[in-house]
Chemist: 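Structure below; questions to follow.
Computed from heavy atoms alone, side chains included, the values below leave out hydrogens, waters and symmetry copies. Order of the sequence lines sets the chain letters (A, B, ...), proteins ahead of strands, with each chain counted from 1.
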Amino acid sequence: MKEKYDPQKVELKWQRYWDERRLHKTEMVKSQKKFYCLEMFPYPSGEIHMGHVRNYAIGDVIARYKRMRGYNVLHPMGWDAFGLPAENAAIKHGVHPSEWTYRNIEKMKDQLNRMGLSYDWEREVTTCKPEYYRWNQWVFLKMLERGLVYKKFSYVNWCPSCATVLANEQVIDDRCWRCDNKVNQKKLEQWFFRITEYAEELLQGCDELKGWPERVVLMQRNWIGRGEGVEVDFPVEGMDEHLRIFTTRPDTLFGVTFMCIAPEHPLSEKLVKDKAKLEEIKVKCGKEDEKTGLNSGYYALNPLNGDKIPIYIANFVVMEYGTGAIMSVPAHDQRDFDFARKYDLPVKVVIVPEQKEREAVSPTHPSPWRWESKGGGGNLLSELTEAYEEEGILVDSGQFTGLKSDIARKEITKFIEEKGLGTAVVNYKLRDWGISRQRYWGTPIPVIYCGNCGIVPVPEKDLPLILPENVRFTGKGGSPLLESETFLNTICPICGGNAKRETDTMDTFVDSSWYFIRYCFKKGDIDLPTEFRSPDSEVNYWMPVDQYIGGVEHAVLHLLYSRFFTRVIRDLGLINISEPFQNLLTQGMVIKDGAKMSKSKGNIVDPNYLIEKYGADTARLFSLFAAPPEKDLDWSDKGVEGAHRFLNRVWGIIYKNQFKLQSSKFKIDNISDLQASALRLYRKTHQTMKKVSTDIEREYHFNTAIAAMMELTNEITSFQPESDEDCSVFKFAIEQMLLLLFPFSPHITEELWEAIGNKPGISEQKWPEWDEDAAREDQIELVIQLNGKLRSKTMISQGIPDDEIRKIALEDQKIKEIMGNRKIKKVIVVKGKLVNIVIGE
RNA sequence: GCCGGAGUGGCGGAAUUGGUAGACGCAAGGGACUUAAAAUCCCUCAGAGGAAACUCUGUACCGGUUCAAAUCCGGUCUCCGGCACCA
């Protein structure tokens, strides 16, 4: 063994060792309990960054820990290989996206292996391979059969920089999720997945996500955005038309003073003759702060009270939600209130606060109006200054006057349904998932357009529909596929006539929506449906993923799509689970100088440099030690050195004592034979075994687990073994410490395991089991408080009964002095910990 | 605006069920070794007072519950994240 710890040498040695023995290859063993540990696969940009290091270090500790615990662990890795950067590289450097991508994959794979991650590469998934994306196409066709895919014209989010459309989830603060450029609206014909068909199920399923962080579940719930309400028909005066609106507040129906419809609403075209003015409103839709409207000149009739109310075209009404038309109740909706003030429309109060709330006007939330109570009822004294959006009692609402809001909602809904004026409905904010992308480097959508037959799906037997290689990347105009004559021109599978292919490709989120299922099967070009349906299908053994780890930025996007896809695959009869991810860990960002590490901010730390200078074990250890996994990690160069120092110290202890360690065996006949210092170390070792185990089990608190190992190391350092018994305990402590440290820093522990005279292969050892008796202290420190303040401490034996502890506390010299002869009111004894004596003044 | 989460030394963070606030690490200061430096090892390290024993204050702020509060409750402030004309 060398005196100096040389991480490079050690790490390469053991990486080769693991690789040669294929230690991380996984096979289904039905009798063995399985554990599927998965980290979100990366986009192969060519370089790993600190976010990857952290993500994969967390996953690898879990995988290695679970293996030691006797689980059959599936721990795969792959590549989210389709996507825009490859295409941009093609435009900029003239290298084909395919070549660029595969080159990057090789580079990144080397980097991941250099980190000592225990992946089963024999299950590697690469989404840009036809053997993978053909099944995107296959699922697409199956969904088309079932009406879960459709095409429609619509306004879509268009990123001018990426020259493609984006799904709603992919627009963040009005900007593209990928390139951060401003998104605008464009009318295009697009393919959609009917995810809304699963809205209710995806929402209900949220209750099952017990192993997910609550905030992520909440974000999913909010994104789906269920809203109960009622649709009501308002007849349009002088026309044979009804205006159907949606509201969640039928209790305010008597307060409607005008109607608003979206400019894209079909009725807008009919009501407004001046198309230029209509266009003006259209332009002001979206992010416009100011509410703007156009009086159509037409009136609607309130079906409940017959009021004649004007119809406006308004920029703040969203066509995609509800019916694209609303009833406006300015007294009880702030947006309607603002609009009414601007256009001088009447305001009619139909809800008033309950008596007790009218009286309890708080200074921070002053009531928008003043009330006076006369003979039971309330009278409005002053004008409204803002809308009253709370619950209350109905006034001026015909037969419903006097009811509470919640009851009135039910009653009015019932009334509307009975009279055939409308229906109770449930609306969701979730929209269908637009998957068309006007790009080259993605899965071709398997559809053919025929002049005679219309839209024709590519027959299943013709899959995969391969992305052509011979295309030109100019960076101008649309997708390169539009110019690929060989791809574009085809024959209609039905009539045999000339036809054209769809040139849009699929959103890359389709690829990542089921890759975790693909890992369950063997690599290569396989017939997936056959594999699924085999009675020995591995998918039923491995799925669901037991632990999924990734960034919180996918809280809705990828995680929602994956939950949707898993259900679609279930409904195709291929899998028998609905939720793909049993437990989810969302790791925090890596922060440096107060900001997320990013190229544009120039605060990047290159993992390669880190590995070269300190080694992978240090890089892993630091990223696990500096913060608990779910919190942001503040990068610190000095902290890395601290982690490195720790490993050096462990190395140093073993180097100094290697001969003693090699010759001694752990064999202790009787603990009582041990010297006090040896007993202390022995006990500390068991305590550390317990602490590290429970910290890992308890929400993966690696930072405190590592701190415990550091404490043990400090104790080992200060221990001077003299007798044979000492050496035994010493060796035991070191051996256990190496086992505990192994999942965190696997290379150095392998090396040291061998150095202390063990057979190589710490990775195949069992996780250490602590002995509760050995971990227990026989002496404990008793804290004595007077009136809750710490006044004295004394050592007592473990297991002394409460009344004796009480006596010890009261007889404590220091306590007696402070207490003098003040009266004891009460004595509280907390078992084995603390006594609080309550005394008079 | 609505919905979440957080706020603890100079810094990253501990404190598992309400029971010793500050584990572990970093930085800083002092010392040992060295011709010197680095590395390593030892000591100190929340603030104030004190030679010391020790005392007082202290977990964003104000108040409450309790024998006892970083932890529970009410209110305020700040920061972070998500959603946002969704009727």
Side-chain angles (χ1 to χ4, degrees), chain A residues 4 172-173 213-223 225 227 229 245-249 252 260 285-291 314-329 332-336 338-339 362 364 389 427-431 552-553 555-556 588-589 591 622 625-628 630-643 645-646 648-649 652 691 694-695 698-699 701 703-711 713-714 717-718 781-793 814 825-831 833-839:
Chain A
K4 200 178 158 352
I172 293 147
D173 277 340
E214 268 177 62
R215 61 192 184 115
V216 175
V217 179
L218 194 76
M219 278 162 77
Q220 295 242 336
R221 282 205 179 97
N222 290 342
W223 190 264
I245 59 94
F246 172 75
T247 180
T248 54
R249 289 295 300 268
T252 64
C260 285
C285 282
K287 272 282 163 254
E288 197 79 15
D289 276 342
E290 173 106 17
K291 290 178 180 48
N315 70 330
F316 69 94
V317 180
V318 187
M319 187 60 220
E320 286 78 23
Y321 185 75
T323 60
I326 59 164
M327 61 177 210
S328 289
V329 187
H332 306 295
D333 184 294
Q334 193 56 41
R335 293 158 303 185
D336 297 344
D338 297 341
F339 194 86
S362 83
T364 47
E389 295 184 332
N427 265 313
Y428 300 89
K429 290 180 189 169
L430 182 70
R431 310 281 157 82
V552 75
E553 65 272 18
V556 273
M589 293 183 297
I591 303 282
F622 173 74
F625 176 61
E630 71 280 2
K631 281 183 84 172
D632 285 351
L633 183 152
D634 216 345
W635 188 262
S636 151
D637 293 334
K638 292 288 184 184
V640 179
E641 277 177 39
R645 252 200 302 269
F646 168 67
N648 260 316
R649 216 158 61 230
K691 171 89 177 137
T694 49
D695 279 354
R698 181 176 63 99
E699 311 276 308
H701 280 196
N703 56 331
T704 50
I706 294 167
M709 291 187 267
M710 288 173 167
E711 276 186 61
T713 305
N714 292 342
T717 311
S718 55
E781 192 180 46
L782 181 72
V783 170
I784 309 171
Q785 296 182 333
L786 283 178
N787 287 346
K789 280 191 180 169
L790 175 71
R791 284 296 181 244
S792 181
K793 288 179 190 177
K814 238 178 107 191
K825 287 184 180 166
K826 204 174 177 185
V827 179
I828 289 133
V829 180
V830 180
K831 211 154 196 57
K833 249 187 191 163
L834 170 148
V835 177
N836 188 13
I837 305 165
V838 187
I839 53 171

Chemist: Taking the C1' atom of each, how far is B:C62 from B:G25, in whole Å?
Modeler: 35 Å
Chemist: Between B:C83 atom P and A:Arg431 atom CZ, what is the distance in whole Å?
Modeler: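 Whole-Å distance recorded here is 14 Å.
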Chemist: Quick check on B:C83: is either OP1 or OP2 less than 4.0 Å from any side-chain nitrogen or oxygen of A:Arg215?
Modeler: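 Result: no.
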Chemist: Quantified in whole Å, what is the C1' atom distance between nucleotide B:U40 and nucleotide B:U34?
Modeler: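 Straight-line distance between the two C1' atoms is 12 Å.
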Chemist: Select from A:Ala626 and A:Glu214 the residue whose nearest nucleotide in RNA chain B is closer to the 5' end of that strand.
Modeler: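 By nearest-heavy-atom nucleotide position, the 5'-most residue is A:Glu214.
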Chemist: I need the CE-P distance between A:Met589 and B:G82, as an integer number of Å.
Modeler: 9 Å
Chemist: What integer number of Å spans the P atoms of B:U76 and B:C2?
Modeler: 12 Å
Chemist: Using the P atoms only, state how far B:A23 lies from B:G9, rounded to an integer number of Å.
Modeler: 13 Å
Chemist: Could you give the CD-to-C1' distance, from A:Glu630 to B:G13, as a whole number of Å?
Modeler: 12 Å
Chemist: Tell me: CE of A:Met219 to P of B:G82, nearest whole Å?
Modeler: 7 Å
Chemist: With RNA chain B as reference, determine whether A:Lys826 or A:Lys631 sits nearer its 5' end, using the nearest nucleotide of each.
Modeler: A:Lys631
Chemist: Say you pick atom P in B:U16 and the same atom in B:U71; how far apart are they, in whole Å?
Modeler: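 Comparing P positions in B:U16 and B:U71 gives a spacing of 13 Å.
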Chemist: Which whole number of Å gives the distance between the P atom of B:G29 and that of B:C77?
Modeler: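 B:G29 and B:C77 have their P atoms separated by 41 Å.
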Chemist: Rounded to whole angstrom units, what separation is found between the CD atom of A:Gln220 and the P atom of B:G82?
Modeler: 15 Å
Chemist: So does A:Met710 get a backbone contact from the side chain of A:Arg649, meaning a donor-acceptor N/O pair under 3.5 Å?
Modeler: no
Chemist: Polar-atom pairs under 3.5 Å, protein N or O versus N or O of nucleotides 57-59 of chain B: list them with distances, or write none.
Modeler:
none

Chemist: Expressed in whole Å, how much space separates the P atoms belonging to B:G7 and B:U17?
Modeler: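 Looking at atom P only, B:G7 and B:U17 are 16 Å apart.
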Chemist: Mind checking the P distance from B:A84 to B:C79? Whole angstroms is fine.
Modeler: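 Straight-line distance between the two P atoms is 22 Å.
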Chemist: Going by the glycosidic torsion and a 90 degree boundary from 0, is the base of B:G22 oriented syn or anti?
Modeler: anti
Chemist: When rounded to the nearest 0.5 angstrom, what distance separates CG in A:Leu834 from CD1 in A:Ile828?
Modeler: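 So the gap between those two atoms works out to 9.0 Å.
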Chemist: Expressed in angstrom and rounded to an integer, what is the separation of A:Asp634 atom CG from B:C11 atom P?
Modeler: 12 Å
Chemist: What string of B, S and - do you get for nucleotides 20-27 of chain B, 5' to 3', when a contact is any protein heavy atom under 4.0 Å?
Modeler: B--BBSSS
Chemist: Under 4.0 Å, counting only non-hydrogen atoms across every strand here, what does A:Asp632 touch: a base, just sugar-phosphate, or nothing?
Modeler: sugar-phosphate
Chemist: What is the distance from atom CZ of A:Phe339 to atom OG of A:Ser328, rounded to the nearest 0.5 Å?
Modeler: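 It comes to 7.0 Å.
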Chemist: Under 6.0 Å between ring centres: does that hold for A:Phe646 and A:Phe625?
Modeler: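 So the answer is no for these two rings.
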Chemist: Would A:Lys291 and A:Phe316 count as a cation-pi pair here, with the cationic atom under 6.0 angstrom from the ring centre and within 45° of the axis?
Modeler: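 Yes, A:Lys291 sits over the ring of A:Phe316.
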Chemist: Looking at every strand, decide which applies to A:Lys831 at a 4.0 Å heavy-atom threshold: base, sugar-phosphate, or nothing.
Modeler: nothing
Chemist: If I take atom NZ in residue A:Lys825 and atom P in nucleotide B:A68, what distance separates them, rounded to the nearest angstrom?
Modeler: 10 Å
Chemist: What is the distance, rounded to the nearest whole Å, between atom CG of A:Asn222 and atom P of B:G1?
Modeler: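 Between P of B:G1 and CG of A:Asn222: 18 Å.
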Chemist: Between the side chain of A:Asn315 and the main-chain N/O of A:Glu290, is any donor-acceptor distance below 3.5 Å?
Modeler: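 Yes; at least one donor-acceptor contact below 3.5 Å.
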Chemist: With a 4.0 Å cut-off on heavy atoms, is A:Val317 in touch with a base, just the backbone sugar-phosphate, or nothing at all?
Modeler: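 Here A:Val317 touches the bases of the nucleic acid.
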Chemist: Using the side-chain contact (heavy atoms from CB on, under 4.5 Å) rule, take A:Asn222 and A:Lys429 through it: C-alpha gap first, then chi angles, then the decisive distance, then the call.
Modeler: CA-CA 8 Å; A:Asn222 290 342; A:Lys429 290 180 189 169; over 6 Å; no
Chemist: Among the candidates B:C56, B:G13, B:U16, find the nucleotide nearest to the side-chain atoms of A:Pro628.
Modeler: B:G13
Chemist: Could you give the distance from OG1 (A:Thr704) to CD (A:Glu711), rounded to the nearest 0.5 Å?
Modeler: 10.5 Å
Chemist: Is it the case that the side chain of A:Asp336 and the backbone of A:Val329 share a donor-acceptor pair, with hydrogens and angles ignored and the cut-off at 3.5 Å?
Modeler: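 A pair under 3.5 Å: yes.
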Chemist: Taking A:Ala626's backbone N and O only, do any of them form a donor-acceptor pair with A:Asn703's side chain (distance below 3.5 Å, no angle check)?
Modeler: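 Side chain of A:Asn703 to backbone of A:Ala626: no pair is present.
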Chemist: Can you establish whether the number of heavy atoms outside A:Glu214 located under 6.0 Å from its atom CD is more than 12?
Modeler: no
Chemist: Where does RNA chain B pair, written as one dot-bracket string 5' to 3', with Watson-Crick or G-U pairs under 3.5 Å, ( ) inside the strand, [ ] for crossing pairs and | for another strand?
Modeler: (((((((..(((......[....))).(((((.......))))).((((....))))..(((((..]....))))))))))))....
Chemist: Does A:Glu699 CD have over 12 foreign heavy atoms under 6.0 Å away?
Modeler: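 For A:Glu699, atom CD is not crowded (no more than 12 foreign heavy atoms under 6.0 Å).
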Chemist: Starting at CZ of A:Arg249, measure out to CG of A:Asp333 and round the result to the nearest 0.5 Å.
Modeler: 9.0 Å
